[in-house]
Amino acid sequence: MAESARRVRGGGGAARRAARTAVSFETARYIERNIPNFEVLTEEALEIIEQNADAVLEEIGVNFPDNPEALALWREAGADVQGERVRIPRGLARKLCSTAPSTITQVARNRDRDVVIGGRNLVLAPVYGPPFVRDAAGGRRYATMADFEKFVKLGYMSKWLHHSGGTVCEPTDIPVNKRHLDMLHAHMTLSDKPFMGSVTEPSRAQDSVDMCGILFGKDFVQENTVMTSLININSPMTFDDVMMGALKVYAENNQACIISPFIVGGAMAPVSVAGTLTQVLAETLAGIAYSQLVRPGAPVIMGAFVTSIDMNSGAPTFGTPEAAHITYGAGQLARRLNLPYRSAGSFTGSKLPDAQAAYETSNSLNMGLLSGVNFMLHACGWLEGGLVSSFEKFVMDADQLGTLHHLARGVEIDVNAQAMDAIREVGPGGHYLGCAHTQSNFRDAFWKSDLLDYKPFETWSDEGARDTQSLATARVEKMLADYQQPALDPAIREALDAFVATRKAAEPDSFS
């Protein structure tokens, strides 16, 4: 879908020159895979992990602390509830999960940018959660609301990114109890792609629903999914009342939740792949089942955020073979449950957008594509183990997401792709540069980065011998300079402004 940021009227050469200089950008449709998923677990291994996960739920159980309402729902459903511990009879969690939909359509305010999460689709969303930002000019610093707005604009302008995301960085210059209002307002007004809601307190989840009621209409929100929000499980096997409170608000209002363990293998789960997968499955079964107790049919996504640990320093590691095995295996388990799957991203422990970042990110992105992920949070911008949102890495990663789109297409084998006419035309000893087939196909034959440098050495040197970070800095500046805000009904904008102002005035600032 091509969009022009301003319309040029008139005819002749002047109109054509104006059209060529107009700011325009293209947003790709979400990925529809035409390649097989990579599967590492045998049928026997899958059955063992599923049986062990059922044993964990039945014999060990999970905790729902400070949440008497959740405990009452579990007791009524047939679980053994002792204190805050919930032991779930074998098969009950899986039965409850069966009412969750296999695919979710998240509606955007620009309906051309709706996304379908599930099946063979892959939706890409940016980094989520870092309190720090980094750029080449200012270095590492606490994030501000101005930084947040820049990331939303970059996400809106990024061709291969389908989703605006949520907390693309944590704006620390806004009170904790009010920043969710500014963040949602930015997603709703600076972009027209789908976005995520707040989960840091149940009342903030309700604010998210209410703001969507202004943007889309209250009845529309109840009948359609307009938000996807991240509900993390406190591994091992603890479902805190804040996250479960937010989950309850979203489930009751027909809004999607990613129910995802946050696991660092060796610290919050066993060191073995099979042991970690057992815990991941047990936790996600319990979390998804709870969402269905709140509202049968509530849209949910099975998540798996998994990394390993450096046993010397205790620091999390990314792009590792073990993380890949767990991500592939969790994908197989999600498909057996017939649920959408969230995992992978542009993960790296590097402090800079350097070679380490590139290696680890490439490994993580590719495992996401091959494992059958349906919703990839952190697809661009992640740095320093998730502590930092990097402007340069955001555009570097967003550019490379184009490779996932092209890999997912698979290999065409129609008459044009067979290229027999080209082979006959050129014959032995010739070249294909000028043949008819090349001339007809060269514009779309190969994926091409919009960022990386392919110029000869002499040209590259004359242009300043810029490395990739320098090219990314220039691209950030150009994208922000080219940005133009998508149109929004002035009455809706005024209503959103008024809601935010009223909610902010209703309580004192809090930075804790």
Side-chain angles (χ1 to χ4, degrees), residues 53-100 176-177 180 196-210 221-222 227-263 268-269 279-303 305 337 339 503 506-507 510 512:
D54 283 342
V56 168
L57 293 176
E58 185 174 50
E59 299 169 17
I60 302 169
V62 297
N63 283 356
F64 278 78
D66 304 315
N67 199 338
E69 187 175 1
L71 298 175
L73 283 174
W74 276 117
R75 189 178 291 110
E76 185 179 349
D80 175 20
V81 179
Q82 302 293 330
E84 65 184 27
R85 182 67 59 88
V86 177
R87 292 180 174 85
I88 305 171
R90 187 175 295 269
L92 175 59
R94 190 175 296 272
K95 179 181 178 182
L96 291 169
C97 291
S98 67
T99 60
V176 170
N177 60 330
H180 67 289
M196 302 177 73
S198 176
V199 296
T200 53
E201 213 278 333
S203 67
R204 297 168 197 167
Q206 187 61 53
D207 284 339
S208 304
V209 173
D210 292 343
V221 169
Q222 295 305 312
M227 277 184 294
T228 300
S229 299
L230 177 61
I231 303 296
N232 279 324
I233 298 166
N234 284 356
S235 301
M237 296 172 289
T238 300
F239 297 77
D240 74 79
D241 61 313
V242 173
M243 282 286 172
M244 292 304 101
L247 169 62
K248 181 175 182 292
V249 170
Y250 286 125
E252 289 175 337
N253 288 278
N254 194 37
Q255 301 309 303
C257 286
I258 304 165
I259 300 177
S260 185
F262 189 100
I263 286 178
M268 297 146 74
Q279 184 177 312
V280 166
L281 181 58
E283 291 178 348
T284 53
L285 280 171
I288 293 167
Y290 177 65
S291 76
Q292 302 306 296
L293 288 176
V294 172
R295 174 174 170 166
V300 290
I301 300 167
M302 175 178 161
F305 178 93
L337 288 168
L339 290 170
R503 286 290 293 116
E507 54 186 280
S510 173
S512 61

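These figures come from a predicted structure and were not determined experimentally.
- Pairing each heavy atom of Glu69 with each of Lys248, the nearest pair is OE2-CE, 2.7 Å.
- In this structure, a donor-acceptor pair under 3.5 Å is present between the side chains of Glu283 and Ser235.
- In the displayed structure, Glu507 atom CD is contacted under 6.0 Å by more than 12 heavy atoms of other residues, nucleotides or ligands.
- Side-chain N or O atoms of Asn177 include one that pairs as donor or acceptor with a backbone N or O of Ser510 at under 3.5 Å.
- Phe239 is not listed as a side-chain neighbour of Asn234, based on a closest heavy-atom distance of 4.5 Å or more.
- With a 4.5 Å cut-off on side-chain heavy atoms, Ile263 and Phe305 do not count as touching.
- The shortest side-chain heavy-atom distance between Ile88 and Trp74 falls under the 4.5 Å cut-off.
- Side-chain atoms of Ser208 come within 3.5 Å of backbone N or O of Ser198 as a donor-acceptor pair.
- Taking the charged nitrogens against the carboxylate oxygens, Arg87 and Glu58 have no contact shorter than 4.0 Å, which rules out a salt bridge.
- Between the side chain of Arg295 and the main chain of Glu252, a donor-acceptor pair closer than 3.5 Å is present.
- Across all their heavy atoms, Val242 and Val199 have their closest contact at CG1-O, 4.0 Å.
- Side-chain atoms of Gln279 come within 3.5 Å of backbone N or O of Met268 as a donor-acceptor pair.
- The shortest distance between side-chain heavy atoms of Val221 and Asn254 does not fall below 4.5 Å.
- Taking each heavy atom of Pro65 and Glu84 in turn, the nearest pair found is CB-OE1, 3.3 Å.
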Val86 vs Asn63, side-chain contact (heavy atoms from CB on, under 4.5 Å): CA-CA, chis, key distance, verdict: CA-CA 6 Å; Val86 177; Asn63 283 356; over 6 Å; no
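- A side-chain contact (heavy atoms from CB on, under 4.5 Å) with Leu281 holds for exactly one of Val56, Leu337, Leu57; it is Leu337.
- Residues Met227 and Gln255 have side chains in contact (heavy-atom distance under 4.5 Å, counting atoms from C-beta outward).
- Of all non-hydrogen atoms in Cys257 and Leu247, the two that sit nearest each other are SG-CD1, 3.6 Å.
- Summarising the geometry of Pro89 relative to Gly78, their closest heavy-atom pair is CG-O, 3.4 Å, with the distance given to 0.1 Å.
- Across every non-hydrogen atom of Ile259 and Thr284, the tightest pair is O-CG2, 3.8 Å.
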